[in-house]
Amino acid sequence: MTEALRVGIAGLGTVGASVMRVLSDKAAELQRQCGRPISVTAVSARSKGRDRGVDLSGAQWFDDPVALAKTADIDVFVELMGGDEGPARDAIKAALEAGRHVVTANKALLAKHGVNLAEAAEKKGVLLNYEAAVAGGIPVIKTMREALAGNSVSRVFGIMNGTCNYILTRMEAEGLSFEDCLADAQRLGYAEADPTFDIEGNDTAHKLSILTSLAFGTKIASEDIYLEGISNISQADIRAAASLGYRIKLLGVAVRTDSGIEQRVHPTMVPTQSVIAQVHGVTNAVAIQSDILGDLLLVGPGAGGNATASAVIGDIADIAKSQPGFQHGPVFGRPAKELKPYKKAKMRSHAGGYFIRLTVHDRTGVFAAIAKRMADADISLESIVQQADSGLDSDVKTVVLVTHETTEAAVRRAVDGITKDGHLTDKAQVIRIERAE
Ligand SMILES: NC(=O)C1=CN([C@@H]2O[C@H](COP(=O)(O)OP(=O)(O)OC[C@H]3O[C@@H](n4cnc5c(N)ncnc54)[C@H](O)[C@@H]3O)[C@@H](O)[C@H]2O)C=CC1
Ligand SMILES: N[C@@H](CC=O)C(=O)O
Ligand code: NA
């Protein structure tokens with residue numbers, strides 16, 4: 001029989017334990033597909049005694065993941081610990097330097113050190129696979145790196161954080177509080193170890209920065225992303241959006257513009273009838289626009305043990321099937337050394353529609369003052385309504401504006417002006433609109 005592929009796994013939490021379970025449950029099927037068995041020969045985790053519902057008896061135990069990464073007894077090092085520095089980075093680096101293939105689900109690490117790690121992998125002629133790092137089980141990395149060869153991508157965007165989409169879906173459908181929905185997402189294994197990465201948009205930014213590099217052949221630039229999370233989205237915003245025919249989603253968008261690449265992550269109003277608005281719960285969706293293929297939309301489970309394990313196992317299976325001595329394709333679609341410097345487009349130039357929700361003192365002239373600030377900034381309004389049922393004190397009213405296409409700079413100027421006029425009782429809520437999808 002052909003020799004088994006020997007796998008070492010560091011990190012046996014939600015994803016690691018699921019990977020172990022599926023590799024065991026599907027061992028025969030995987031062997032048929034790969035032409036050789038896949039065997040977990042070594043593991044590392046923080047607690048040896050914890051019951052994970054998986055059999056670790058056949059695997060050598062390592063307290064230190066870096067030692068596991070270097071051992072000669074594995075062919076593939078699978079990093080499922082998380083963290084953008086420390087053991088995860090040290091262990092992946094050590095594994096690549098030792099000539100081991102690497103599989104990781106760690107987008108935070110790739111967003112920060114991906115290009116350097118890709119260089120190390122390419123130098124050694126080994127694979128660095130990371131399908132699980134973006135949009136969980138959706139095969140988006142494979143699609144962009146392999147299936148879209150020859151295509152020029154103009155735009156990539158989507159819902160890339162299962163936790164946020166789960167929270168927004170349940171807040172709208174069931175009227176639940178933000179905190180209750182987040183607690184459920186954590187319980188279900190969707191959230192990051194530190195869930196602020198999810199709700200403040202960092203996780204989406206990490207994923208977007210990887211897709212941007214694949215789409216445009218540029219160095220990863222996760223620090224250059226305009227970032228707003230969902231922690232200040234309230235039931236009032238969700239209800240106002242619904243009354244106007246919109247739904248709020250946390251989108252990551254990367255688009256090529258004349259002045260550079262625009263990368264942004266923020267809550268976005270999308271028309272309720274649009275396809276992206278129908279993506280509910282932990283499901284993710286990634287849309288890719290390219291010249292040969294046209295519009296592609298990939299939809300599927302974005303987080304959770306099994307969804308993520310599916311992508312990790314796909315990556316391991318690719319390694320099991322690869323022939324010894326075969327020249328592997330580059331990690332980010334072109335050699336890491338040839339990735340171009342990233343040129344950032346200014347967010348102030350972003351053009352689009354805007355939803356603006358203002359809570360104002362109920363005084364004569366407030367409406368007129370708001371309208372004047374909008375006109376002074378050259379903003380044309382699609383609608384301006386005072387909400388009847390604001391649930392606020394009788395001397396406080398909610399005014400909701402929807403603009404026609406304008407610029408970020410104009411909206412900021414108008415909102416600054418309205419704030420200075422002293423009519424607001426609270427900070428203005430501004431949410432960008434994507435009408436096309
Ligand atoms: N949970 C999900 O749905 C998804 C997670 N990911 C990524 O997968 C990775 C793992 O995520 P989860 O399994 O959810 O996290 P988790 O927190 O459930 O599991 C991580 C495990 O690694 C262990 N660990 C941490 N430092 C260690 C060290 N120095 N030595 C040995 N073990 C160590 C922890 O004790 C923990 O059991 C992260 O990079 C995460 O961003 C990616 C896609 C989806
Ligand atoms: N915390 C992430 C996990 C997958 O990447 C999410 O909620 O999407
Ligand atoms: Na994926």
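Counting starts at 1 for both ligands and their atoms, following the listed order. By convention here, the first residue in the shown sequence is residue 1.
Listed by number with element, the atoms of ligand 2 under 4.0 Å from a non-hydrogen atom of Lys207 are 2 (C), 4 (C), 5 (O), 6 (C), 8 (O). Atom numbering of ligand 2 starts at 1 in the shown order; those under 4.0 Å from a heavy atom of Glu192 are 1 (N), 2 (C), 3 (C). Ligand-side atoms of ligand 2 in range of Tyr190: 1 (N), 2 (C), 3 (C), 6 (C), 7 (O), range being under 4.0 angstrom from any heavy atom. For ligand 2, the atoms lying closer than 4.0 Å to a non-hydrogen atom of Asp198 are 1 (N), 2 (C), 6 (C), 7 (O). If you number the atoms of ligand 1 from 1 as listed, the ones under 4.0 Å from a heavy atom of Pro65 come out as 29 (N), 30 (N).
A side-chain donor-acceptor contact under 3.5 Å links Asp315 to the backbone of Tyr130. Glu122 places no side-chain N or O within 3.5 Å of a backbone atom of Gly125 that could act as its donor or acceptor partner. At distances below 3.5 Å, not a single donor-acceptor pair connects side-chain atoms of Tyr226 with backbone N or O atoms of His266. Judged by distance alone, with hydrogens and angles left aside, the side-chain atoms of Gln263 form no donor-acceptor pair with the main-chain N or O of Ala345 at under 3.5 Å. At least one donor-acceptor pair under 3.5 Å links the side chain of Thr163 to the backbone N or O of Tyr190.
Salt bridge Glu119/Lys123: absent, no basic N to carboxylate O contact under 4.0 Å. The pair Asp203-Lys207 meets the salt-bridge criterion, with a side-chain N (NZ, NE, NH1 or NH2) lying under 4.0 Å from an Asp/Glu carboxylate O. A salt bridge links Glu228 to Arg432: at least one charged side-chain nitrogen sits closer than 4.0 Å to a carboxylate oxygen.
Residue contacts with ligand 1 for Pro87 involve side-chain atoms from C-beta outward but no N, CA, C or O (heavy atoms, distance under 4.0 Å). Proximity of Thr163 to ligand 2, defined as any heavy-atom pair under 4.0 Å, is shared by backbone and side chain alike. Looking at Ala132 against ligand 1, only its backbone comes within 4.0 Å, counting heavy atoms. Counting heavy atoms under 4.0 Å from ligand 2, residue Asn284 does not touch it at all.
The closest side-chain heavy-atom distance from Lys107 to Glu192 is below 4.5 Å. Using a 4.5 Å heavy-atom cutoff, the side chains of Val134 and Leu211 are in contact. Two residues are said to be in side-chain contact when any heavy atoms from C-beta on lie closer than 4.5 Å; Ile225 and Ser209 meet this criterion.
Closest to atom 17 (O) of ligand 1 among all protein heavy atoms lies Ala193 CB, 4.5 Å. Annotation: atom 27 (C) of ligand 1 to nearest protein heavy atom, Met81 SD, 3.6 Å. Gly304 N, 2.6 Å is the protein heavy atom nearest to atom 3 (O) of ligand 1. When only non-hydrogen protein atoms are considered, atom 23 (C) of ligand 1 lies nearest to Gly11 CA, 4.0 Å. Closest protein heavy atom to atom 5 (C) of ligand 1: Val15 CG2, 3.6 Å. Taking atom 41 (O) of ligand 1 as the reference point, the nearest protein heavy-atom neighbour is Glu192 OE1, 2.7 Å. Here the protein heavy atom with the shortest distance to atom 8 (O) of ligand 2 is Gly162 N, 2.7 Å. Gly82 CA, 3.7 Å is the protein heavy atom nearest to atom 38 (C) of ligand 1. Nearest protein heavy-atom contact of atom 44 (C) of ligand 1 is Thr308 OG1, 3.1 Å.
Near the Na ion (ligand 3), less than 3.0 Å away, sit the protein N, O or S atoms Glu131 O, Glu131 OE2, Val134 O, Gly136 O, Ile138 O.
Using a 4.0 Å heavy-atom cutoff, Ala191 is listed among the residues neighbouring ligand 2.
In the displayed structure, Glu223 atom CD is contacted under 6.0 Å by at most 12 heavy atoms of other residues, nucleotides or ligands. By the 6.0 Å contact criterion, NZ on Lys219 is enclosed, its count of non-hydrogen atoms from other residues, nucleotides or ligands being greater than 12.
Across every non-hydrogen atom of Ala351 and Glu405, the tightest pair is CB-OE2, 3.6 Å.
One option in Lys107, Arg46, Glu79 has a heavy atom closer to atom 6 (N) of ligand 1 than any other, and that option is Lys107. Taking only non-hydrogen atoms, the option from Pro301, Ala133, Ala45, Ala191 nearest to atom 32 (N) of ligand 1 is Ala45. The residue from Gly16, Gly13, Ala311, Gly189 that puts a heavy atom closest to atom 37 (O) of ligand 1 is Gly13.
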_salt bridge (Lys or Arg N to Asp or Glu O under 4.0 Å), that's the test. Do Arg187 and Asp184 meet it? Break it down for me._
CA-CA 5 Å; Arg187 189 177 45 77; Asp184 280 351; 3.3 Å; yes
All N/O donor-acceptor pairs, side-chain side in residues 247-261, below 3.5 Å, sequence neighbours left out:
{"residue": "Arg247", "atom": "NE", "partner": "Glu172", "partner atom": "OE1", "Å": "2.9"}
{"residue": "Arg247", "atom": "NE", "partner": "Glu172", "partner atom": "OE2", "Å": "3.3"}
{"residue": "Arg247", "atom": "NH1", "partner": "Ala277", "partner atom": "O", "Å": "2.9"}
{"residue": "Lys249", "atom": "NZ", "partner": "Asn165", "partner atom": "OD1", "Å": "3.2"}
{"residue": "Lys249", "atom": "NZ", "partner": "Val279", "partner atom": "O", "Å": "2.7"}
{"residue": "Thr257", "atom": "OG1", "partner": "Ser259", "partner atom": "N", "Å": "3.2"}
{"residue": "Thr257", "atom": "OG1", "partner": "Ser259", "partner atom": "OG", "Å": "3.4"}
{"residue": "Thr257", "atom": "OG1", "partner": "Gly260", "partner atom": "N", "Å": "3.3"}
{"residue": "Thr257", "atom": "OG1", "partner": "Gly260", "partner atom": "O", "Å": "2.8"}

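Under the 4.0 angstrom criterion, atom 19 (O) of ligand 1 counts as having a protein heavy-atom contact.
Evaluated for a side chain to side chain contact (heavy atoms under 4.5 Å, CB included) with Thr143, the options Leu148, Leu214, Ile138 yield exactly one hit, Leu148.
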